[in-house]
Amino acid sequence: MERLKLVLQYFQSNSESISNGICIILALVSVKLYTSFDFNCPCLPQYNKLYSLGVMIVPPIILFFLGILVNRHTGVMMDEWMRPIGNRSKNPAVVKYLFSAMIQRALLAPMVWILVTLLDGKIFICAFSVSVDPALFSGMPNNTGLDVLKIMAKVPCKEDVIFRNSSFRKAVSRYVRCHSQAIGWSILLFLIVLGALGRLIKPCFDDHATFLQTRYWSNYLDVEQKLFDETCVLHARDFARKCVVQFFEDVREDSLRLPHPVFFSKFREEWDDEEEEQLHGITKQEQVDQLLNKWYYSKPELDVSRIAYRPRPCVTWENHEGKTLYSDV
């Protein structure tokens with residue numbers, strides 16, 4: 001249980017971890033879909049290869065675009081790429097980093113599907129059994145009245161009557177499955193070696209400081225977008241509360257003439273001041289629209305020195321020597 005908690009905490013720590021978790025879930029879903037998928041080869045020369053390649057290629061394409069759709073980096077990357085420059089310059093390295101991270105995660109589930117199909121071999125047998133030379137094997141049924149192509153196309157269908165009590169079908173199936181598994185293990189080995197070489201060679205050619213800067217600002221864009229969305233939700237809630245309270249106040253005063261509650265009369269001014277502070281002085285629809293328009297077309301520059309040196313209220317007094325002392329409040 002402790003290890004499970006640590007894994008869950010990792011996947012909930014930041015958006016990158018959440019994206020990794022989603023990609024792993026998609027990969028597991030692809031394996032589950034394949035194991036629950038009832039694959040039935042048509043056993044016809046003109047349809048075997050088309051059907052098999054469709055099963056091998058179409059689901060990975062769907063999983064690839066689904067991985068792009070659920071990846072948070074997709075939205076962050078497109079927002080950064082399409083936004084007007086305004087007061088903030090664009091960094092192509094950040095967009096490239098986000099695009100690379102998005103593609104790598106989106107390719108995980110499709111590659112798992114392809115590797116599982118190759119290692120299982122059923123789809124490969126259906127697609128390429130007609131390409132096998134029957135002279136390599138003994139026991140081919142000759143009294144069926146079918147040509148060689150149709151007989152080889154029926155190899156994936158073990159229930160067919162022409163292969164009853166025949167070792168020919170099993171021999172051809174093992175032969176094609178061995179090729180399928182060899183291709184699958186070769187692809188897996190190639191990907192592992194490629195990833196290992198990438199991890200080893202990349203630091204030799206890339207500036208690590210530049211990489212850290214790129215990764216920092218890519219994380220910044222993600223965090224900034226989340227904070228902006230959260231702030232918009234809080235501001236909209238305060239704005240709506242203010243409008244609702246004002247509506248009921250007008251109804252009480254103009255039409256219903258209902259008495260004000262004691263707490264409302266007592267704390268009305270304090271509540272107004274608090275709501276006004278939470279709204280940051282933005283109290284009209286036109287002001288909200290202008291603010292959102294300004295955020296999109298002219299995002300603030302990445303400089304918080306103004307806020308860092310903002311004057312703070314303090315209390316002053318003099319000590320017994322007449323020297324002025326300050327204390328922050």
Side-chain angles (χ1 to χ4, degrees), residues 22-71 103-192:
I22 292 174
C23 292
I24 293 175
I25 291 174
L26 283 177
L28 296 176
V29 168
S30 66
V31 175
K32 183 63 177 178
L33 286 175
Y34 180 79
T35 55
S36 60
F37 174 65
D38 188 14
F39 178 77
N40 294 312
C41 185
C43 295
L44 295 172
Q46 62 270 31
Y47 295 115
N48 279 14
K49 186 173 294 186
L50 181 63
Y51 178 69
S52 301
L53 294 180
V55 173
M56 187 177 290
I57 294 176
V58 174
I61 294 176
I62 296 174
L63 292 170
F64 174 74
F65 285 104
L66 185 61
I68 292 178
L69 180 64
V70 300
N71 197 330
I103 294 297
Q104 290 176 15
R105 291 177 173 85
L107 284 174
L108 177 61
M111 290 307 303
V112 169
W113 176 277
I114 293 174
L115 289 174
V116 169
T117 58
L118 289 174
L119 294 177
D120 182 61
K122 290 188 298 185
I123 296 178
F124 206 80
I125 293 173
C126 181
F128 297 102
S129 63
V130 295
S131 302
V132 178
D133 184 6
L136 298 174
F137 310 95
S138 60
M140 177 178 176
N142 296 322
N143 56 349
T144 59
L146 301 175
D147 57 19
V148 176
L149 190 64
K150 290 184 178 179
I151 293 175
M152 299 304 294
K154 290 181 178 294
V155 168
C157 302
K158 59 182 178 180
E159 299 86 2
D160 200 288
V161 292
I162 67 173
F163 293 117
R164 187 169 298 171
N165 299 324
S166 174
S167 61
F168 177 80
R169 189 199 65 82
K170 294 181 179 179
V172 175
S173 298
R174 284 196 299 266
Y175 178 79
V176 180
R177 182 177 282 110
C178 288
H179 282 79
S180 176
Q181 292 177 347
I183 295 174
W185 286 114
S186 299
I187 293 176
L188 182 59
L189 178 63
F190 172 77
L191 293 176
I192 293 175

What distance do [X] atom [atom1] and [Y] atom [atom2] have between them, rounded to the nearest 0.5 Å?
X	Y	atom1	atom2	value
L63	W113	CG	CH2	7.0 Å
I61	L66	CD1	CG	13.5 Å
F128	I123	CZ	CD1	11.0 Å
I183	C178	CD1	SG	11.5 Å
I114	M56	CD1	CE	8.0 Å
D147	M152	CG	CE	11.5 Å

Side-chain ([X]) to main-chain ([Y]) donor-acceptor, under 3.5 angstrom:
X	Y	result
R177	D120	yes
S180	L118	yes
S36	L33	yes

List the steps, then state whether side-chain contact (heavy atoms from CB on, under 4.5 Å) holds for L136 with D133.
CA-CA 6 Å; L136 298 174; D133 184 6; 4.2 Å; yes
Pairwise side-chain contact, [X] with [Y], heavy-atom cut-off 4.5 Å (strictly under):
X	Y	value
M140	V148	yes
L119	W185	yes
I25	L28	no
P59	F37	no
P42	C126	yes

Minimum heavy-atom distance between [X] and [Y], given as atom pair plus value:
X	Y	result
N48	S129	ND2-OG, 4.4 Å
I125	V176	CA-CG1, 3.6 Å
V155	S173	CG1-OG, 3.6 Å
S30	A109	OG-O, 3.8 Å
P60	P110	O-CG, 3.3 Å

Set of residues satisfying side chain to side chain donor-acceptor pair (under 3.5 Å) with respect to Q104, sequence neighbours excluded
S100
Got a sec, which residues hit side chain to side chain donor-acceptor pair (under 3.5 Å) with Y51, two or more places apart in sequence or on another chain?
none
Please report the C-alpha distance between C41 and C157 in whole Å, then the side-chain angles of each, then the deciding distance to 0.1 Å, and finally whether the disulfide (SG to SG under 2.5 Å) criterion is met.
CA-CA 7 Å; C41 185; C157 302; 5.3 Å; no
Would you sort out whether T117 and F124 count as a side-chain contact (heavy atoms from CB on, under 4.5 Å), showing the intermediate values?
CA-CA 8 Å; T117 58; F124 206 80; over 6 Å; no
Before giving the answer on side-chain contact (heavy atoms from CB on, under 4.5 Å), spell out for L115 and I187 the whole-Å C-alpha distance, their side-chain angles and the decisive distance to 0.1 Å.
CA-CA 8 Å; L115 289 174; I187 293 176; 3.9 Å; yes
Ring centroid separation F137 to Y175 under 6.0 Å:
yes
Got a sec: does the CZ of F39 have more than 12 other heavy atoms crowding it under 6.0 Å?
yes
